[in-house]
2 protein chains.
Amino acid sequence: MPRAADTAAQDSDFTPRQAAVLTCALSLLVEGGEKGLTTAGLARAANCSKESLYKWFGDRDGLLEAVVTFQASKVRPLGASESALDAAGYRRRLVTFAHELLSVLAGDVSLALNRLAIGQASRPESPLGRLLVERGKHSVTARGRALLSAGRRQRHLEFDDATAAYSTFYGLVVRDVHLRLLLGDALEPGEDDFAAQAEAAVSQFCRLYGSQRSVETLSTS
Amino acid sequence: MPRAADTAAQDSDFTPRQAAVLTCALSLLVEGGEKGLTTAGLARAANCSKESLYKWFGDRDGLLEAVVTFQASKVRPLGASESALDAAGYRRRLVTFAHELLSVLAGDVSLALNRLAIGQASRPESPLGRLLVERGKHSVTARGRALLSAGRRQRHLEFDDATAAYSTFYGLVVRDVHLRLLLGDALEPGEDDFAAQAEAAVSQFCRLYGSQRSVETLSTS
DNA sequence: TACATAACGAACCGTACGGTACGGTTCGCC
DNA sequence: GGCGAACCGTACCGTACGGTTCGTTATGTA
């Protein structure tokens, strides 16, 4: 009985059949949460046998892990092109990033997977939360830090610690929106206008971190 | 105020015995998450019979609901005294509030209950998340908004929308710390120094919202 | 055509949990 | 003292789910 964790982690590329099954598992997870994803239910919905599920993923934990890995493998792209921009152009880049961040966090699958990982947090032996953070969140964070560092290099921003600066950026953009969505709370009218929220957050961020040269251009919308 | 007294009395509707059982349920919930709270387990741990549980709380959902309202009823206090302060004193009040906010969110029972509510979010018919938000989060939010409004009245702060201002305050203070704690992630060294984090966040907040008169005093730590 | 590999589908098992029923015990009240 | 309500402890039932086994059905290869 090979450890499902190993096989799933090593070959992150699944066969087309497995990918279809995992996609189906994701949709089951979106509606119904963790309780909505049962082995029998997945087998029925995906027209496969439970035997295959256990052969491919080892056990239920392996299946959950594979779902997370599978989803993370789809969100790989977007290696932010590092071109020099003037202050206004750089500001637009920040706004775009903030907008994307909000959109991703508010997405159905993101919410479902985060709920799943949080539900497993009490079980320290199955590090699903860690996995989710490392494969999903860290890549976004890295992109954000790189974007801010590029801004510093081009003298649009001023800060010492890129990590701290990105943390502030994240806080200004996301606030408690992510948590409330996770709780099933509906957004107030206006809060769901992610473009406007991103604009406002970037304005605030630039008032805190904009360089003297650029702060006027950066902070005004 | 008859209304408030009425609801407050109804909230603490539990007999001492029931309160003891609910306290026990909370500790079961802290270790083991939702899976750790079973009717049989609670009956055994609290030395009561399952029959009594079902008599008092109806069913398991009723029990969960009772746990949430019970915990919320304990977090009632702290009706922020509304005294006029100079800029430095007001700033200290903000820092204290931010520190308390972080401490509460990082507490064991808060994390356990938030995880519970998030886990139930996929089931729209049992509005546990709503309940948690309304009884716990809203009271904190209301206190925060009142604190900011007091600051505006005393000309320490300047803003139009108190709700938006508090949202920014929350974002600067909490960032992604709450979510990462919910995911079971450990805080980086330095991040667990809530006093320092609160100081830094308040400095940033005052740079954004401090009045011209007070911004110098408010923003320097 | 004969054989092998893989997967399907259905039946099955053990367990854990929500919910119920029942006998025995304690405690307050008349 | 006697009565009834509340409660405890336990045994029990039905169900749902994770995991296993097995007979059958392709599909591909020599």
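It should be emphasised that the depicted structure is a prediction, and the values quoted were computed from it without experimental measurement. Letters go in sequence order (proteins before strands), and every chain restarts at 1.
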Using a distance-only criterion (donor-acceptor N/O pair, under 3.5 Å, no hydrogens), is the base of dG19(C) paired with the side chain of K50(B)? yes
[X] [atom1] - [N] [atom2] separation (whole Å):
X: E34(A); N: dC17(D); atom1: CD; atom2: C1'; answer: 12 Å
X: K35(B); N: dG18(D); atom1: NZ; atom2: C1'; answer: 12 Å
X: D61(A); N: dC17(D); atom1: CG; atom2: P; answer: 17 Å
X: L37(B); N: dG18(C); atom1: CG; atom2: C1'; answer: 12 Å
X: Y54(B); N: dA6(D); atom1: OH; atom2: C1'; answer: 19 Å
X: F57(B); N: dG18(C); atom1: CZ; atom2: C1'; answer: 16 Å
X: L53(B); N: dA21(C); atom1: CG; atom2: P; answer: 16 Å
X: R44(A); N: dC8(C); atom1: CZ; atom2: C1'; answer: 15 Å

Is K55(A) touching bases, backbone alone, or none of the nucleic acid, heavy atoms closer than 4.0 Å?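 Sugar-phosphate contact only - K55(A) comes under 4.0 Å of backbone atoms but never of a base.
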Look at the side chain of [X] and the backbone N and O of [Y], then say whether any donor-acceptor pair between them is shorter than 3.5 Å.
X: R135(A); Y: F70(A); answer: no
X: D192(B); Y: G190(B); answer: yes
X: T23(B); Y: A19(B); answer: yes

Out of [options], whichever nucleotide has its closest atom nearest the side chain of [X]:
X: R60(B); options: dC8(C), dC17(C), dG19(C); answer: dG19(C)
X: S49(B); options: dC8(C), dA6(C), dG9(D); answer: dG9(D)
X: E51(B); options: dA21(C), dA7(C), dT20(C); answer: dA21(C)
X: R17(B); options: dC8(D), dC17(D), dC17(C); answer: dC8(D)

Can you tell me if CG on D161(B) sees more than 12 non-hydrogen neighbours from other groups inside 6.0 Å?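 Count over threshold, so yes.
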Report yes if at least one side-chain N or O of W56(B) is closer than 4.0 Å to OP1 or OP2 of dA6(D); otherwise report no. no
Mind telling me whether F169(A) and F97(A) have parallel, tilted or perpendicular rings, with 30° and 60° as the class edges? tilted
